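Some notes on the structure that comes next.
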Amino acid sequence: MFLPLSHHSDLVDPSPDANPLQASLRFLTGVGAARAALLEKLELRTVEDVLWRLPRDVLDLTQVKSPTDLVEGELQTVRGVVAETDGRETRKGTLVATLLDCGDDFVRGLWFNAPWIRPKLQPGTRWLFSGKPKKKDGRWEFSHPRLQLLSEEDDEAHGGVVTRYGLTEGLRQYEMKRVVHAAVEHGVDAIADPLPEEFSKSNSLIALRTAFRQVHEPKSMAEYEAARRRLLFDDLLEFQVGVALRRRLWGRRSNAPLLPVTAKVDARIRRLFPFQLTNGQNAAIRDIAADLQSGRAMHRLLQADVGAGKTVVAIYAMLTAIAAQHQAVLMAPTELLAMQHWRTIDGFLDGSRVRRGILTGSVTDSKRREIRDQLASGEVDLVVGTQAVIQEGVNFARLGVAVIDEQHKFGVAQRSKFAGQATSAPHVLVMTATPIPRSLCLTQFGDLDLTSVTDLPPGRQKIVTSRVAGATSRRKAWEFIRQRLQQGRQLYVVCPVIDGDEASGRAGATQVFEQLQKEALAGLKIGLVHGQLDRAERDDRMEQFRHGELQAIVATTVIEVGVDVPNATLMAVLDAERFGLSQLHQLRGRIGRGVYQGYCFLFSESNTPEAAARLGALEASSDGFEIAEKDFELRGPGDVLGTRQHGELPLRSADLIRDRDLLEETRTAAMQLVESGRIDTAEFAPLKLEVLDRFAEMMDLPRTG
Ligand code: ADP
Ligand code: MG
């Protein structure tokens, strides 16, 4: 008879040589096609995947007491089944009381003015109550205890530490645990510990196999914690070693062009700007100048709040290259931004002999061919463009400096593309206006040297930011805006989506545009800009706005980064709670670039405490770094960077916020391993191999050397 695999009595792998860690879950006892499909939904495919999926939480049942052993006033836990629950009105309000059957005795739970608790405490449900009990009329009472709902399986594991995993519909906790157990049995012995014993000891780490057993089947909280520490440490250490190796790789590229910054060059560049550079800009330029004349390729992240004047710094770096007979390129994430950079740069260079061009997707074929030829022959010194500048067929004769604006909008590996295009390694400057929280910086950009510009050009005023909720303040806000528009100022209206949703009443740019024309902004010249319009039309409208032919632009976040229209001093963000904090800060950076006071209105009818906290943070702070930290805490790394895809870090279990301390600790350890060269010794070969297996592709690391 044919037996389905799941009925095999043992843990079978069809080919005995295969690595048990890579075995498909189908080959585990108790996993058939249906269950495998459910596990797949949790992104669990192999035994190794399951081993690294740490419990979502744990219940410490080791300390559960019997009611007879309770002591007055100390924090203690009891476990039992609800016998009955009732609620009644008292003089002081609602009182919910429940009687919990703990086996040998009952305890009482009491809640004042918390009527919602009542329906949860159904008779027959199992709970842990934690709190400081008091004895009243011969019975222990817990007032507002901490509650943890137990399932029947939790209850089977008496006394121990109970692990609980993230599930998906159709997969029950005990089923998941069976899979985990089978994976531990099947896989753990195949685990090779990549860390030398002495290294583990000095970092207070337990053995890896032990860690896997203990994290999934702990006998005590201490075991569980030690196991978690070891696994998260490895997860982060390997990532950090990858980052450190990448950093070393860049540092070793010693064939970078020498681009000296002489006093004469410096003076010639500064003469182009009609203003004094800020201290921050000067400090950034000093860092960059040192890199450019070091003979080693610069690999620097320039981080500065919106409006801090990064473009000037970029121009300085590029002109240094050109002064030394090299070429320079600036790559921006969108056509719009490339055009804007082009205009700025072209403006500053007016009357100079720098031969320059623009290369984007919308440049005609023949023009593109011409620019490519000129880049290859060295007839063009400076090119501004979109990703078109790193496409196949673009070759530079003598690329000296590459500047990448808003790198996080590109893929992580893209910045190394320039390296492959030149005979010698170019200097790379990455710029971002998204203040990147330190812990993210340590990971995604950890291979870059960091320069932060923290001051703004003089004369910038703070943008007045206020939240708008309710019909009255909405009306007032629009009146205020209308008045300013009539005085000649300009307005951005930002909507979270292009098309709204009737049912939820969500603002969509298309509907808002029509409505504003009819109502609040009737008679004024308004334009609509969003990502579904074709590019020419979009650019056209922006151009009209720039020239003042449009008084207001209704847009989606296409205007998020870098758009620079100094006369636009008003902004209305609709459904503001739907944006990330940093994103709102970026948006707000679009206004208040000129001489007039900027006003930003955050429209939001949301009542959630989270929305209040976030919008409140924006009203209170104009410091992008502070806001980014807050945002990061509230929404996680993906959203801070604006794109989930690039924000998602390839970590197994670690969490950048929760595990911040470990992140720092592993960074130090990784740097020491790489800088001392120990990572290249036989002792650490297994670790290095593991690092390359996980990150070689993503970080563009060579497999050898
Ligand atoms: P960022 O890209 O950092 O947001 P920009 O480079 O676009 O900022 O500069 C913002 C504005 O400030 C531009 O109009 C620019 O000309 C101006 N600017 C830059 N540096 C200075 C300075 N040192 N003094 C006065 N204005 C400056
Ligand atoms: Mg900019």
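Atoms within each ligand, like the ligands themselves, are counted from 1 in listed order. Predicted model only: the values in this text are computed from it and were never measured.
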- Task: Output yes when the distance from some N or O of ligand 1 to some N or O of Gly309 is under 3.5 Å, and no in every other case.
- Result: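 Yes, at least one N or O pair falls under 3.5 Å.
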- Query: What residues form a side chain to side chain donor-acceptor pair (under 3.5 Å) with Glu537, not counting sequence neighbours?
  - Reply: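 Partners of Glu537 under the side chain to side chain donor-acceptor pair (under 3.5 Å) test: Arg541.
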- Identify, with sequence neighbours excluded, every residue that meets side chain to side chain donor-acceptor pair (under 3.5 Å) alongside Glu335.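 Partners of Glu335 by the side chain to side chain donor-acceptor pair (under 3.5 Å) criterion, ordered by chain and then number, come out as Thr360, Ser362, Arg535.
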Proximal ligand 1 atoms for [X], defined as those under 4.0 Å from one of its heavy atoms:
X      : result
Thr311 : 2 (O), 5 (P), 6 (O), 7 (O)
Gln276 : 22 (C), 23 (N), 24 (N)
Pro457 : 20 (N), 21 (C), 22 (C), 24 (N), 25 (C), 26 (N), 27 (C)
Leu277 : 23 (N)
Thr278 : 23 (N)

- Query: Any sub-3.5 Å donor-acceptor pair from Gln303's side-chain atoms to Thr432's backbone N or O?
  - Reply: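 Checked: no pair found.
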- Item | Cationic tip of Arg489 above Tyr596 ring, under 6.0 Å, 45° of axis |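 Yes - Arg489 lies over the ring of Tyr596, closer than 6.0 Å to its centre and within 45° of its axis.
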- Query: Would you say Ala308 touches ligand 1, if touching means a heavy atom closer than 4.0 Å?
  - Reply: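 So Ala308 counts as touching ligand 1.
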- Identify the two heavy atoms, one from Ala314 and one from Leu330, that lie closest to each other, and give their separation to 0.1 Å.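 Closest pair (atom of Ala314, atom of Leu330, distance): CB-CD1, 4.4 Å.
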- Query: Is the closest basic N to carboxylate O distance between Arg546 and Glu543 below 4.0 Å?
  - Reply: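 Yes, charged N to carboxylate O under 4.0 Å.
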